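Atoms within each ligand, like the ligands themselves, are counted from 1 in listed order. Nothing here was measured: the structure is a model prediction, and the numbers come from that model.
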Amino acid sequence: MATNRTFTMVKPDAVADGNTGGILQMIQKAGFKIVAMKQTRLSKETAGAFYAVHKERPFYGELVDYMSSGPIVAAILEKNDAVADFRKLIGATDPAKADAGTIRKLYAKSISANAVHGSDSDDNARIEGDFFFSSLERV
Ligand code: UDP
Ligand code: MG
């Protein structure tokens, strides 16, 4: 498949625990190029907007509280088959079900505080990247 892009966040638990560097190293060693990156903090409003697709789910309130609880690191990544390969690198949503060697197996604490976000489709990767980054902030 052609080179394409995905979007990721290092989530608040992982940033607070000092795992940003370890996670970015795994991402780069897996062959992803960083196209854009910044540390920022989501408000309840911006976290709620980012996860609006989940607003009817029972965990939505907890997810918004968690994602606005501290700084996150947002990045756009590029690689062949980026969306699918990044989902493989991060592992299952629930770290108890994540494969050995995945980012979530190594760094996630629970199904909610699960260390990283990864886009689930090319369309969502574009929407999510555009949510955080202007064209001036990308290489
Ligand atoms: N989440 C949660 N409880 C659940 C399922 C998901 O708290 O039962 C949180 C978790 O942080 C997850 C996010 O909601 O990463 C988005 O859920 P999704 O199903 O999209 O999982 P992902 O794509 O992140 O693996
Ligand atoms: Mg998802």
| task | Decide whether an N or O pair under 3.5 Å exists between Thr93 and ligand 1. | result | yes

| Tell me, which protein residue and heavy-atom name are nearest atom 9 (C) of ligand 1, and how many Å apart are they? | Leu63 CD1, 3.8 Å

| said: Is there a side-chain contact between Asn19 and Leu106 in this structure, where contact means two heavy atoms from C-beta onward sitting under 4.5 Å apart? | reply: no

| task | Indicate, as side chain, backbone, both or neither, the part of Asn114 found under 4.0 angstrom from ligand 1 when only non-hydrogen atoms are considered. | result | side chain

| task | Distance to 0.1 Å, residue and atom name: give those for the protein heavy atom nearest to atom 5 (C) of ligand 1. | result | Phe59 CE2, 3.4 Å

| field | Closest protein heavy atom to atom 7 (O) of ligand 1, given as residue, atom name and distance to 0.1 Å | value | Ser112 CB, 3.1 Å

| field | Validation row, ring centre Phe7 to ring centre Phe131 under 6.0 Å | value | no

| query | Hey, does the side chain of Asn114 reach the backbone of Thr93 with a donor-acceptor pair shorter than 3.5 angstrom? | reply | yes

| query | Do Lys79 and Phe32 meet the cation-pi criteria used here (NZ or CZ under 6.0 Å from the six-membered ring centre, within 45° of the axis)? | reply | yes

| What are the atoms of ligand 1, with element, lying closer than 4.0 Å to any heavy atom of Arg87? | 22 (P), 23 (O), 25 (O)

| query | For Leu89, does its backbone N or O pair with a side-chain atom of Thr102 as donor and acceptor, under 3.5 Å? | reply | no

| task | May I ask you to identify, for Ile111, whether its side chain, its backbone, both or neither come under 4.0 Å of ligand 1 on a heavy-atom basis? | result | both

| request: Could you state whether Val116 and Val35 fall into the same hydrophobic cluster, counting links through intermediate Ile, Leu, Val, Met, Phe, Trp or Tyr residues with side-chain heavy atoms under 4.5 angstrom apart? | output: no

| said: Is it the case that ligand 1 has an N or O less than 3.5 angstrom from some N or O of His54? | reply: yes

| task | Please name the pair of heavy atoms, one in Val64 and one in Lys44, separated by the smallest distance, quoted to 0.1 Å. | result | CG1-O, 3.5 Å

| N/O separation below 3.5 Å, Arg104 to ligand 1 | yes

| Under a 4.0 Å heavy-atom limit, does Met9 contact ligand 1 with its side chain, its backbone, both, or neither? | neither

| Under the 6.0 Å and 45° cation-pi test, does Lys38 pair with Phe133? | yes

| request: Would you mind telling me if ligand 1 is within reach of the side chain of Lys11, the backbone, both or neither, using heavy atoms under 4.0 Å? | output: side chain

